Amino acid sequence: MLDIIKAIVIGIVEGLTEFLPISSTGHIDLVNHVIKLNQSADFTAMFEYVIQFGAILAVILLYFNKLNPFAPSKSAPEKKATWLIWAKVIVAVLPSVIIGLPLNDWMDAHLHTPQVVATTLIFYGILFIVIENWAKDKQPAVSRLADLSFQTALFIGLFQALSIIPGTSRSGATILGAIILGTSRAVATEFSFYLAIPTMVGVSILKIGKFIMNGNSLTGEQWAVLLTGLIVSFLVAVVAIKWLIKFVKTHDFKPFGWYRIGLGLVVLLVLFL
């Protein structure tokens with residue numbers, strides 16, 4: 001029962017942070033230093049990533065019609081536009097596959113530490129403030145997702161590949177990169193949502209495969225813990241996504257930068273003391 005409660009807490013943290021540019025993996029790593037599941041190391045490592053799939057389901061639910069090229073309500077040009085979005089998403093996910101996949105095990109073994117998380121939280125927090133100040137008076141070259149080129153999508157994917165370092169934030173790196181490349185905040189945010197789907201589905205499959213290949217199978221309790229984390233992550237992510245969409249219409253991302261800097265400094269202070 002205690003692990004179910006812990007799964008709820010971790011699911012809330014995951015759902016809140018997966019799409020906000022503050023690093024879900026970094027927050028999960030920090031939470032794990034306070035709240036540890038009473039499960040095997042293999043299950044815990046798999047659980048931390050697979051519950052992110054719950055947050056991805058939130059995107060699929062909220063954008064299902066927009067992302068569904070087979071929707072009967074869509075005209076032929078609209079269906080073509082949907083396929084083009086998916087093509088750009090696939091192009092953008094390639095750098096993470098090429099760069100992230102070979103480094104995945106090494107990153108898991110060496111970089112999931114409070115020191116790394118705190119440092120990257122602060123570093124990218126500063127970048128958010130600097131880049132938002134730089135972009136403040138600039139008119140974005142891309143204000144509609146349909147106008148996003150394949151080249152720009154690929155470069156956004158290169159920025160996403162930076163998020164293999166814990167504390168960076170997949171959405172944060174993607175959004176920062178997109179803004180630097182000339183997209184509006186709304187386009188950067190929406191494309192970040194879409195890019196999360198193949199990225200996190202792939203990561204979930206990878207982690208489940210590694211769990212099984214290590215000779216593991218899920219017990220009844222572990223099924224309950226995993227499903228609890230998935231459901232809670234999904235429900236919280238729905239709320240977080242809706243809130244972020246409204247937020248970016250009238251705000252920039254500097255508040256997230258200040259939050260990252262503050263949290264990173266608190267973590268370093270605790271480690272120092």
Side-chain angles (χ1 to χ4, degrees), residues 11 13-25 27 49-69 71 78 81-97 100 124 128 140 142-150 152-163 168-204 230 233-253 256:
V13 172
E14 165 58 32
L16 280 174
T17 60
E18 179 60 42
F19 298 106
L20 302 185
I22 54 178
S23 179
S24 61
T25 303
H27 278 74
Y49 283 93
V50 173
I51 62 167
Q52 295 177 0
F53 183 65
I56 301 309
L57 288 176
V59 173
I60 295 173
L61 172 70
L62 294 172
Y63 289 93
F64 183 78
N65 187 63
K66 193 166 185 177
L67 291 173
N68 180 13
E78 288 173 330
T82 304
W83 280 118
L84 281 173
I85 289 174
W86 276 113
K88 292 168 187 175
V89 167
I90 297 305
V91 166
V93 84
L94 290 177
S96 290
V97 174
Y124 283 97
F128 259 115
V142 180
S143 56
R144 296 189 314 139
L145 192 61
D147 296 332
L148 189 73
S149 69
F150 280 92
T152 301
L154 178 61
F155 285 138
I156 292 173
L158 288 169
F159 278 97
Q160 179 181 247
L162 297 171
S163 67
T168 298
S169 171
R170 186 205 58 79
S171 62
T174 305
I175 290 169
L176 273 178
I179 291 174
I180 291 171
L181 294 167
T183 76
S184 67
R185 294 185 191 93
V187 169
T189 303
E190 188 174 347
F191 192 69
S192 173
F193 292 161
Y194 298 164
L195 191 49
I197 297 174
T199 302
M200 298 318 304
V201 168
V203 169
S204 296
L230 278 167
S233 173
F234 165 76
L235 294 173
V236 175
V238 169
V239 177
I241 291 169
K242 288 183 176 180
W243 177 83
L244 184 60
I245 292 169
K246 291 181 180 178
F247 181 86
V248 297
K249 290 178 179 178
T250 54
H251 298 80
D252 60 26
F253 286 100
F256 297 110

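None of these values were measured; they are calculated from a predicted model. We number each residue from 1, following the sequence as shown.
The shortest side-chain heavy-atom distance between Y124 and L162 falls under the 4.5 Å cut-off. The shortest distance between side-chain heavy atoms of N68 and T82 does not fall below 4.5 Å. Between F159 and L176 the shortest side-chain heavy-atom distance does not fall below 4.5 Å. You'll find the side chain of F53 stays beyond 4.5 Å of the side chain of V203, heavy atoms only. Looking at F193 and I60, their side chains never come closer than 4.5 Å, going by heavy atoms from C-beta outward.
Atom CG of L57 is separated from atom CG of L62 by 11.0 Å, given to the nearest 0.5 angstrom. A distance of 7.5 Å separates OG in S204 from CD1 in I56, rounded to the nearest 0.5 Å. For the atom pair S192 OG and I175 CD1, the distance stands at 4.5 Å (nearest 0.5 Å). The line from CD of E14 to CZ of F234 is 13.5 Å long, rounded to the nearest 0.5 Å. Here Y49 contributes atom OH and S24 contributes atom OG; the two are 9.0 Å apart, rounded to the nearest 0.5 Å. Annotation: the span from F128 atom CZ to F253 atom CZ amounts to 6.0 Å, rounded to 0.5 Å.
Applying the salt bridge (charged side-chain N to carboxylate O under 4.0 Å, His left out) test to E18 and every residue at least two apart in sequence or in another chain returns R170. Remark: S184 engages no residue in a side chain to side chain donor-acceptor pair (under 3.5 Å) (not counting sequence neighbours). S169 is linked by a side chain to side chain donor-acceptor pair (under 3.5 Å) to S171, counting only residues two or more places apart in sequence or in another chain.
Shown here for S233 and I51, the closest heavy-atom pair between the two residues is OG-O, 3.1 Å. The minimum heavy-atom distance linking T152 with L181 is given by the pair O-CD1, 3.9 Å. Closest non-hydrogen pair, I179 versus A188, comes out as CG1-CB, 4.3 Å.
Listed for the H27 side chain is a donor-acceptor partner under 3.5 Å among the backbone atoms of I22. The closest donor-acceptor contact from the side chain of T183 to the backbone of A178 lies under 3.5 Å.
Every pair passing salt bridge (Lys or Arg N to Asp or Glu O under 4.0 Å) that includes a residue from residues 178-197 is listed here, sequence neighbours excluded: K66-E190, E132-R185.
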Kindly list each side-chain donor-acceptor pair under 3.5 angstrom involving residues 235-249, sequence neighbours excluded, with atom names and distances?
none

Can you give the donor-acceptor pairs under 3.5 Å from side chains of residues 83-96 to other protein atoms, not counting sequence neighbours?
residue: W86; atom: NE1; partner: L67; partner atom: O; Å: 2.7
residue: K88; atom: NZ; partner: A146; partner atom: O; Å: 3.3
residue: K88; atom: NZ; partner: L148; partner atom: O; Å: 2.6
residue: S96; atom: OG; partner: Q160; partner atom: NE2; Å: 3.0

